[in-house]
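As a basis for the values below, the full set of heavy atoms in this structure was taken, side chains included, without hydrogen atoms, waters or symmetry mates. In what follows, chains are A, B, ... by sequence order, proteins preceding strands, each numbered from 1.
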4 protein chains.
Amino acid sequence: MTETVLPPPAPRGRPRSERAHKAILDAANEILEERGFVDLTIDEVAQRAGVSKTTIYRRWPTKGTLVFEAFSADFLARQPSPDTGSLREDLLAALRAWIRVNKGTVKGRTLVGLIAEVQRDPELAEIWRERFIGPVRAQHRTIVEQAIGRGEVSPDTDPDLVLDLVFGAAYHRLLQSHQPLTDRFAQAVVDTVVAGVRTSDPTIN
Amino acid sequence: MTETVLPPPAPRGRPRSERAHKAILDAANEILEERGFVDLTIDEVAQRAGVSKTTIYRRWPTKGTLVFEAFSADFLARQPSPDTGSLREDLLAALRAWIRVNKGTVKGRTLVGLIAEVQRDPELAEIWRERFIGPVRAQHRTIVEQAIGRGEVSPDTDPDLVLDLVFGAAYHRLLQSHQPLTDRFAQAVVDTVVAGVRTSDPTIN
Amino acid sequence: MTETVLPPPAPRGRPRSERAHKAILDAANEILEERGFVDLTIDEVAQRAGVSKTTIYRRWPTKGTLVFEAFSADFLARQPSPDTGSLREDLLAALRAWIRVNKGTVKGRTLVGLIAEVQRDPELAEIWRERFIGPVRAQHRTIVEQAIGRGEVSPDTDPDLVLDLVFGAAYHRLLQSHQPLTDRFAQAVVDTVVAGVRTSDPTIN
Amino acid sequence: MTETVLPPPAPRGRPRSERAHKAILDAANEILEERGFVDLTIDEVAQRAGVSKTTIYRRWPTKGTLVFEAFSADFLARQPSPDTGSLREDLLAALRAWIRVNKGTVKGRTLVGLIAEVQRDPELAEIWRERFIGPVRAQHRTIVEQAIGRGEVSPDTDPDLVLDLVFGAAYHRLLQSHQPLTDRFAQAVVDTVVAGVRTSDPTIN
DNA sequence: GATTAAGCGAGACGGTACGTCAAGTCTTGTT
DNA sequence: AACAAGACTTGACGTACCGTCTCGCTTAATC
């Protein structure tokens, strides 16, 4: 048997327009910047992209998934995997990049809108975990794992705990707006967590 | 002079019905328990409470503010101000109480729904900060301040930072559902933060 | 028995305020002139009259009855009972008076609004017939009866028919606006009807 | 040149559903028969027609315009253009047809409701004049014009005046209900008007 | 002078219908 | 098949006005 894997069947009919695809995402991003998640309507995206609603819904089943895609590619690309040889510096670099995107661009508002939407739409929640939270955390987790590998922190250190502390604090300020996301805050967070992780012996707790 | 304070001016017109008020909040809570924030409609609240929509809108301008009031009184009452003489124990008690309410009752779902709504409605956001985030944090802040007073941690310790770390991590898990809110998690969070705060000297960062 | 009729029992309690009564009717007329029947609301009448809604509803059960009273006294006063000794002149004078009120003042709009309301509210319809249509027709009927008495027209002449022809045509133009209510029209109507009544012998039909 | 007329441009998008259109009008007529104009609500029409409110509002901006269309086609079809060779007979036939529809069916109630609504909604008033009053009068006007053509009445006879007298009287009784719409009344009206028109010389008035 | 009965201003209340909006689906003819 | 256009269903929204009601206060006539 030579043909263990079938070649992908040639698609029948008219192929999907790449131009339309891009135009939709661009239009969505435009509106997100101008008015935010809540005030974005699919009708307006269609109109701006010069596309029919059918064409949008053929690609994304809901408003949430469309906005998710319009948002995530660029956002993820801006999250670096630093490797400075120091846990503190790596975490700080990652946190600063996160803060920079969320404060410097309109992305923060969109991220907030998406997190809100995720709480209302279970299907989007799954996509969100698989294609956003998962990848970002995986990327960040290597920071801690590298530190373990270098012997900088105990092998018992729980990477998830570290990430929840560092980014949990950041998300908290983003969502509750009780305090600003300053660089001073970023440093204090990282310093405290790194110090805590180095000192505490999780095995005795 | 015995009359230093004038009696409150007699209210004019028919007074607002306390029965209606209570019936509305009760109906809202009922529906929240059954179907959650998203599926709660003002129409149904009105119907269940035996009240007209006008009567609801006269008191609360939006669904968010209504649910906020239905939710918050009880939730706040369940957040204790522990004073065991140990920062670790106090923080752990507070965090455990928070987790207990959010996992043991339907309150967690409502809290999540409200946080989502807060991101969509700026007016609700203000109320939220003033009447929920503010009070809860004030209560929790005393935990850190007591520890400072006892000399358990440095007077330079930033209470807000501590709270952001501890509860930020918890809110993060509540909203992203990437990991469960276990008691083991609560302990690890508190231990790490307490250790971090005791060790790190914020003044040099 | 000498006391066949009891003196009216002295009313108990606070007497109704004549000032309020007048203020309500004045306010209603003001609004009728400004915006017409449809856009008049009881709330606004109350506000303008410096009176509570209760005070209005104590006197008039519905918006229709209030407007009816605000409208009718003045209107009826302007409908003369001419007696010139000529059927043509009498009818013409009556019709001209009717047209003058409906075209020269805002009364026409209110009359139209009331006729519309009468079609929607059966209780108002009864009042309307008894206290408006009835009296006006009675007054106008004498015009025809006088002509019969003078021998100007046959004793078999049906006064109701004459009135329906003359004023029916006028109401028709008022309500359908297909043609204007000119004086030329008034003359032609009266001339034709008078001629018709003098000529036709109803007994042979 | 063979292509003098361009084919109508192909309509774009999904065509309006004829089934929905008919279902809406049928439902409206059903409700009109059962409960009349005032108690007809758009919500109920939608529900009965198995159609959404949007679909109704896309076609008719107001309740008035919807009911107008539901009412008028059938009503107009029942107004004949008699041509018996006699003005009296033609007018009588037309008036009798009008009375028959208004008394024998529920149409009378609807007509009354529509006339009332016309007084409250200026936009409906325009439609009403253009698409109801206008056509009906045009049809009736030919009755008088034929009589003029035959030399039965003077060429100076004003057809509008004749119609206002005959149908004005009828509408008057329909709207004010002060007297019934009997056949005796119809005959008396027509006889008097025809006699009046034959006798009076409008040019000298 | 106290009591009583109704009027009164204010404004909350139940009810009903309104007209709108956005989400997501469906149905045309066209590419 | 995908596409543009636009009609469609669904469900909730927030508003408006109606006519009623419930307060505390006022105004006479009666006791």
Does [X] put a side-chain nitrogen or oxygen below 4.0 Å from OP1 or OP2 of [N]?
{"X": "C/Thr55", "N": "E/dG9", "result": "yes"}
{"X": "B/Arg58", "N": "F/dA16", "result": "no"}
{"X": "B/Arg12", "N": "F/dT22", "result": "no"}
{"X": "A/Thr54", "N": "E/dC26", "result": "no"}

Taking atom [atom2] of [N] as reference, at what distance in whole Å does atom [atom1] of [X] sit?
{"X": "C/Arg59", "N": "F/dG19", "atom1": "CZ", "atom2": "P", "result": "17 Å"}
{"X": "C/Leu66", "N": "F/dC17", "atom1": "CG", "atom2": "C1'", "result": "15 Å"}
{"X": "B/Asp121", "N": "F/dC13", "atom1": "CG", "atom2": "C1'", "result": "14 Å"}
{"X": "B/Ile56", "N": "E/dC13", "atom1": "CD1", "atom2": "P", "result": "11 Å"}
{"X": "B/Arg120", "N": "E/dA22", "atom1": "CZ", "atom2": "P", "result": "13 Å"}
{"X": "B/Asp43", "N": "F/dT15", "atom1": "CG", "atom2": "P", "result": "13 Å"}
{"X": "B/Ile42", "N": "E/dG14", "atom1": "CD1", "atom2": "P", "result": "14 Å"}
{"X": "D/Tyr57", "N": "F/dT9", "atom1": "OH", "atom2": "P", "result": "15 Å"}

Worksheet, complete the sentence: Comparing D/Asp39 with A/Pro61, nearest DNA chain E nucleotide closer to 5' gives the residue D/Asp39
Discussion item. Pick the closest DNA chain E nucleotide for B/Gly13 and for D/Thr62 by heavy atoms, then say which residue is nearer the 5' end.
Written reply: B/Gly13
Worksheet, complete the sentence: What residues 14-29 of chain B contributes to the DNA chain F interface at heavy-atom separation below 4.0 Å is B/Arg14, B/Pro15
Worksheet, complete the sentence: side chain to side chain contact (heavy atoms under 4.5 Å, CB included) test vs B/Val45 passes for just one of B/Asp26, B/Ile56, B/Val67, B/Leu25, namely B/Ile56
Worksheet item: Which part of the nucleic acid does A/Leu40 contact within heavy-atom distance under 4.0 Å: base, sugar-phosphate only, or nothing?
Response: sugar-phosphate
Practice prompt. Could you tell me whether the side chains of A/Trp128 and B/Gln176 share a donor-acceptor contact shorter than 3.5 Å?
Written response: yes
Discussion item. Taking side chain to side chain donor-acceptor pair (under 3.5 Å) as the definition, give me every residue that meets it alongside D/Arg109, ordered by chain and number, with sequence neighbours left out.
Written reply: none
Worksheet entry | Salt-bridge contact A/Lys107-A/Glu33 (side-chain N to carboxylate O under 4.0 Å) | no
Worksheet item: Do C/Lys63 and C/Phe37 meet the cation-pi criteria used here (NZ or CZ under 6.0 Å from the six-membered ring centre, within 45° of the axis)?
Response: yes
Worksheet item: Which distance, rounded to the nearest 0.5 Å, do you find between the OG of A/Ser17 and the CD1 of A/Ile24?
Response: 8.0 Å
Worksheet, complete the sentence: Residue pairs meeting ring-ring contact (aromatic ring centres under 6.0 Å, His included), one or both in residues 14-35 of chain C, sequence neighbours left out, come to C/His21-C/Trp60
Discussion item. From C-beta outward on D/Lys53, which listed nucleotide comes closest to its side chain: E/dG15, F/dA12, E/dA23?
Written reply: F/dA12
Response to the item:
Assign each of C/Gly64 and A/Gly50 the nucleotide of DNA chain F bearing its closest heavy atom; nearer the 5' end lies the nucleotide of A/Gly50
